[in-house]
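Below is one structure, written out as structure tokens; comments come after it.
Convention: sequence-line order gives letters A, B, ...; per-chain numbering from 1.
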Amino acid sequence: MSEQSIISLKNIEVKFQQKNQLIHAVKDVSLDIERGDIYGIVGYSGAGKSTLVRVINLLQKPTSGTVLVNNIPLAETNNNKTTYLQGSKLRNARKKIGMIFQHFNLMNERTVADNVLFPIARNHTLTKEQKNTKVADLLALVGLSDRSNAYPSQLSGGQKQRVAIARALASDPEILISDEATSALDPKTTNAILALLKSLNEKLGLTIVLITHEMQAVKDIANKVAVMENGQIIENGSLLEIFTNPQKQLTKDFIDTATQLEDGLAKVQAQPIVTNLQAPDVLVQFSYAGETTGEPLISSLFKEYGIVANILFGNVEILQSTPVGTLIVILSGESHAIQTALHNVKEQGVKVTLLKGELI
Amino acid sequence: MLNFFEHYFPNVISLGWSTDLGWGTAIWQTLYMTFVSAFFGGILGLLFGFGLVLFDTNGILANRPIFWILDKIVSIFRAIPFIILLAFISPLTQLLVNTQIGMTAALVPLSLGVFPFYARQVQNALVSVDHGIIEAAQAFGATTGEIIFKVYLREALADLIRVSTVTLISLVGLTAMAGAIGSGGLGNVAISVGFNRFQNDVTWVATLLIIVFIFAIQFTGDLLAKHASHK
């Protein structure tokens, strides 16, 4: 574990009995999350990501493995015996880990202000005034000062999630776990909530663990990503690494969905200009990241090789301030020129995928 | 007016107010039996109802053996018809209140008769609290006590008031049967005077009073439940 790690999971196994079936929800997962990270964990439902993040605050006890949060062992396996933090020690550790949920989980019979107050209601180091000030500050932070006396049933989904975020921050946690927090919200509200999380990360230095089945959400705010399938992390790394150089098919699928490449590709393939493609013309996909994007790719193809590029689909994302782009083009020109051009483009660090046609 | 009553309800008037079987006595007995056994049965029912939720497999104190024991006790008591329970537990009644007959003796079977019904209702009300809300409270470091009193009790309050109303109403029904062990009350007047002496007018008035009593409980319960709910 590196020195900056705020959360360190080692060889986590989670098995439980459901009816007469043994479910192996998490298989030998090790993961280090550094202070200040927004760590996205992506996977389809049933991949074990919810179970995995619940291990961090011991809402789910791991069958075996070590959980370190701020260097405090919440669970530890030594000599095949797993021990867990208990009682007030566990409760104090949990207070440093905020959590928000897909269905908000607000208490329906308490007002917005009372919900936010709940985690610190029994904190004896704060006076009543200090608590009230804190609640007011938190509601201002999430932009809901005017609804403090409303009940959750009177709020919209996005507002409920904002209250939940304020509540999760009440005990000054260093970590915020977001369990599919935007999955029940519409796209516009999702973006607003993600922007709020991002600003909390920047303002408070909050470490965020974000689990979701939408790569889109991760793409917008995370700096690191892990992809989960069948209880295992199949791939993880920085957002840029994962997006520009995915290794596993599932990761590629998630990225294609997020960049709408899949959709674009299907539409492009159906166009007459593609179905009637004549040799030596070819349909190719260019993928590039970072500095390469600065090169005038399309115009140099024409100037240097006399190749005409017909752009059918394009997408440029800015990930962690680095542009990442995809272009689908038809290249027309002499077959030899096309070959040389593609070779040189590859040399410049652009990934080239031949989608249709042959290089003669 | 009085002539009208004397003509159509002769036996109602002659029963009097504060005699052994008088109306005042009967009303008092019914109220007493209902509320005192609601108190004891209510405490037992709440304890068992909470136990059935907290010790259940996915409860916050999950414990299979304890759950199994609580569950079986409730099921067994629910299975015994009340009229039989009255006789069946008379040794226990003797032990607890030192008599087997009368209004005080009826409190024991009434409490024990109503608690399993109430326990199941409490269990249902508590189970309807979204498990996510409980999980959130745990995630914020709430103690078991806080989860019971500040989350379960508060979130389920409106439902608990509703099921308490239903239970109280069925308890009034049970007090009518307690006449079998000499408890008195409106039900007893309806049967042992109205029915056994062929004085139908007494039965009618006793029934009417019970209906009024039940409507009052229902009305109060609905009002309180509505006030408590913000869902």
Side-chain angles (χ1 to χ4, degrees), chain A residues 16-19 50 53-54 56-61 85 87-112 114-123 149-155 163-164 167-171 173 175-177 179-180, chain B residues 46 50 53-65 67-68 122 124-164 221-231:
Chain A
F16 44 79
Q17 197 80 28
Q18 205 167 58
K19 303 261 161 65
S50 258
V53 291
R54 277 171 166 68
I56 297 173
N57 59 7
L58 234 54
L59 281 181
Q60 173 69 54
K61 283 184 181 176
L85 206 62
S88 64
K89 282 185 184 158
L90 173 61
R91 287 197 296 274
N92 288 331
R94 279 176 170 170
K95 284 186 199 292
K96 293 288 147 206
I97 309 171
M99 191 165 184
I100 53 175
F101 307 83
Q102 179 174 6
H103 298 295
F104 325 121
N105 295 348
L106 296 174
M107 288 175 272
N108 299 309
E109 304 295 352
R110 286 175 192 267
T111 61
V112 164
D114 274 354
N115 265 286
V116 179
L117 179 68
F118 184 80
I120 50 168
R122 288 217 323 172
N123 183 331
N149 290 321
Y151 284 90
S153 62
Q154 299 165 304
L155 304 179
V163 177
R167 175 177 67 168
L169 296 177
S171 47
I175 299 165
L176 180 69
I177 297 173
D179 182 4
E180 297 275 5
Chain B
L46 273 174
F50 262 102
V53 173
L54 301 178
F55 295 116
D56 200 359
T57 335
N58 48 14
I60 58 169
L61 301 173
N63 185 318
R64 273 196 94 74
F67 176 82
W68 190 87
V122 169
N124 284 337
L126 296 179
V127 161
S128 70
V129 175
D130 186 349
H131 188 256
I133 294 178
I134 306 301
E135 197 181 38
Q138 283 182 301
F140 299 129
T143 60
T144 304
E146 283 178 294
I147 292 176
I148 292 173
F149 292 105
K150 296 192 168 176
V151 185
Y152 267 125
L153 215 50
R154 180 100 178 237
E155 288 299 303
L157 186 62
D159 274 345
L160 286 173
I161 293 172
R162 276 185 210 107
V163 303
S164 303
D222 287 349
L223 209 66
L224 289 174
K226 202 178 162 197
H227 188 70
S229 172
H230 297 99
K231 264 190 193 172

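For the residue pair A:D114 and B:R154, the shortest heavy atom distance occurs at OD2-NH2, 4.0 Å.
Other residues, nucleotides and ligands contribute at most 12 non-hydrogen atoms within 6.0 Å of the CZ atom of B:F149.
In this structure, no portion of A:A93 lies under 4.5 Å from any heavy atom of chain B. Looking at A:R110, both its backbone and its side chain come within 4.5 Å of chain B, counting heavy atoms on both sides. Of the atoms belonging to A:L59, it is side-chain heavy atoms, and not backbone ones, that fall under 4.5 Å from chain B. Contacts of A:I100 with chain B are absent, with no heavy-atom separation under 4.5 Å from either backbone or side chain.
Chain B forms the most heavy-atom pairs under 4.5 Å with one residue out of A:Q154, A:R122, A:M99, and that residue is A:R122. Chain B forms more heavy-atom pairs under 4.5 Å with one residue of A:G98, A:P152, A:A168 than with any other, namely A:A168. Between chain B and the residues A:S171, A:S88, A:S153, A:P173, the most heavy-atom pairs under 4.5 angstrom are made by A:S153.
Within the structure, side-chain hydrogen bond (donor to acceptor under 3.5 Å, both in side chains) contacts touching residues 95-104 of chain A (residues at least two apart or in different chains) do not occur.
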May I have the list of side-chain donor-acceptor pairs in residues 138-145 of chain B shorter than 3.5 Å, sequence neighbours left out?
residue: B:T143; atom: OG1; partner: B:E146; partner atom: N; Å: 3.1
residue: B:T143; atom: OG1; partner: B:E146; partner atom: OE1; Å: 3.3

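Within residues 224-231 of chain B, the residues having any heavy atom closer than 4.5 Å to a heavy atom of chain A are B:A228, B:S229, B:H230, B:K231, listed by residue number. Within residues 125-135 of chain B, the residues having any heavy atom under 4.5 Å from a heavy atom of chain A are, by residue number, B:D130, B:G132, B:I133, B:E135.
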Give the intermediate values and the outcome of side chain to side chain contact (heavy atoms under 4.5 Å, CB included) for residues B:E155 and A:N108.
CA-CA 7 Å; B:E155 288 299 303; A:N108 299 309; 3.6 Å; yes
